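Here the structure is laid out as structure tokens; the discussion comes afterwards.
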Amino acid sequence: MEMRRTDAANRGDLSPISPFTQFCLTSLPPIGAFSIRAESEAMDIEKEEVKPEAAPQAPTPCGCQKTHCLKLYCECFANGRYCVGCNCHNCHNLSSYEEIRTESVRQILERNPAAFRQDAATSHKACHCKRSNCIKKYCECYEDSRPCTPLCKCEGCQNMGNQ
DNA sequence: GAGTTTGAAACT
DNA sequence: CAGTTTCAAACTC
């Protein structure tokens, strides 16, 4: 049900065109004038507006192509940050897309209420590796320099620290 | 840089 | 809840 509502929201139900809408449509420049480059500029603006010196440690730029950085696949989004200086395409993980972004957050929280909780993220984190033996960065435990725990469901684990 | 491999996230 | 697909990153060549 609520997912339906999302779809409707994304499509934007603008059935009746009000005089104001008509005014906007006719007075704004053609969409072609904006091009994708406009989003890059928007991103730069974002960089300036949100936190001019918020990236002292270069927070790992993402390279998302299909998800608009609105899924947990996106590290920036998963960590509750806007994308800044990333290599992503058509990024919607920006304050200028706040409505869409918030809706995506809501959906994800619906699935997993702890999705954006840092403490939960650091404490649970059980991997399910099958081929990397947990000694490559494919393994999240290994990537975080953390031994796998008995909660992990990995096979052939070589990242058990002791035992 | 292109192509492959990998496992989490998403979906059914 | 289990199996499958999608995704972006790690890795290899």
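Since the structure is predicted, the reported quantities are computational estimates derived from the model, not experimental observations. All values below were derived from every heavy atom in this structure, side-chain atoms included, with hydrogens, water molecules and symmetry-related copies excluded. Protein chains get the first letters and strands the later ones, always in sequence-line order, with residue 1 at the start of each.
With rounding to whole Å, A:N159 atom CG is found 13 Å from B:dG7 atom P. One interatomic measurement links the two molecules: NE2 of A:H128 to P of B:dG7, which rounds to 12 Å at whole-angstrom precision. Look at CD on A:Q65: it is 13 Å from C1' on B:dA2, rounded to the nearest Å. Rounding to whole angstrom units, CD1 of residue A:I108 and P of B:dA9 are separated by 10 Å. Remark: P of B:dC11 and NZ of A:K66 are 14 Å apart, rounded to the nearest angstrom. Distance A:R111 CZ to B:dC11 C1': 8 Å, rounded to the nearest Å. In this structure, the CG atom of A:N87 is 12 Å from the P atom of B:dG1, given to the nearest Å. Following rounding to the nearest Å, A:E110 (CD) and B:dA9 (C1') show an atom-to-atom distance of 16 Å.
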Chi angles and distances behind the ring-ring contact (aromatic ring centres under 6.0 Å, His included) call for A:F77, A:F116: CA-CA 9 Å; A:F77 178 77; A:F116 297 94; 5.5 Å; yes
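Among pairs with a residue in residues 70-98 of chain A, those fulfilling salt bridge (Lys or Arg N to Asp or Glu O under 4.0 Å) read A:E98-A:R101, at least two apart in sequence or across chains.
You can see that DNA chain C meets the heavy atoms of chain A within a 4.0 Å-exclusive cut from C:dT6 to C:dT12, reading 5' to 3'.
Note on A:C139: nothing from the nucleic acid sits closer than 4.0 angstrom, heavy atoms only.
Side-chain heavy atoms closer than 4.5 Å link hydrophobic residues (I, L, V, M, F, W, Y) into clusters, and following such links, possibly through other members, connects A:L72 to A:I100. Under the 4.5 Å side-chain heavy-atom criterion for grouping Ile, Leu, Val, Met, Phe, Trp and Tyr, A:L109 is connected to A:Y97 within one hydrophobic cluster.
Put simply, the side chain of A:S104 gets close to the backbone of A:L70: a donor and an acceptor are under 3.5 Å apart. Between the A:N133 side chain and the A:G156 main chain, a donor and an acceptor come within less than 3.5 Å of each other. Under the 3.5 Å distance criterion, the side-chain polar atoms of A:N87 are left unmatched by any main-chain donor or acceptor of A:P61.
Contacts between residues 69-80 of chain A and DNA chain B, counted as heavy-atom distances below 4.0 Å, involve A:K71, A:L72, A:Y73.
For the pair A:R131 and B:dT5, the criterion of a side-chain N or O lying under 4.0 Å from OP1 or OP2 is not met.
Residues forming a salt bridge (Lys or Arg N to Asp or Glu O under 4.0 Å) with A:E155 (at least two apart in sequence, or on another chain): A:K130.
Of the candidates A:C127, A:C141, A:P147, A:C134 forms a side-chain contact (heavy atoms from CB on, under 4.5 Å) with just one, namely A:C127.
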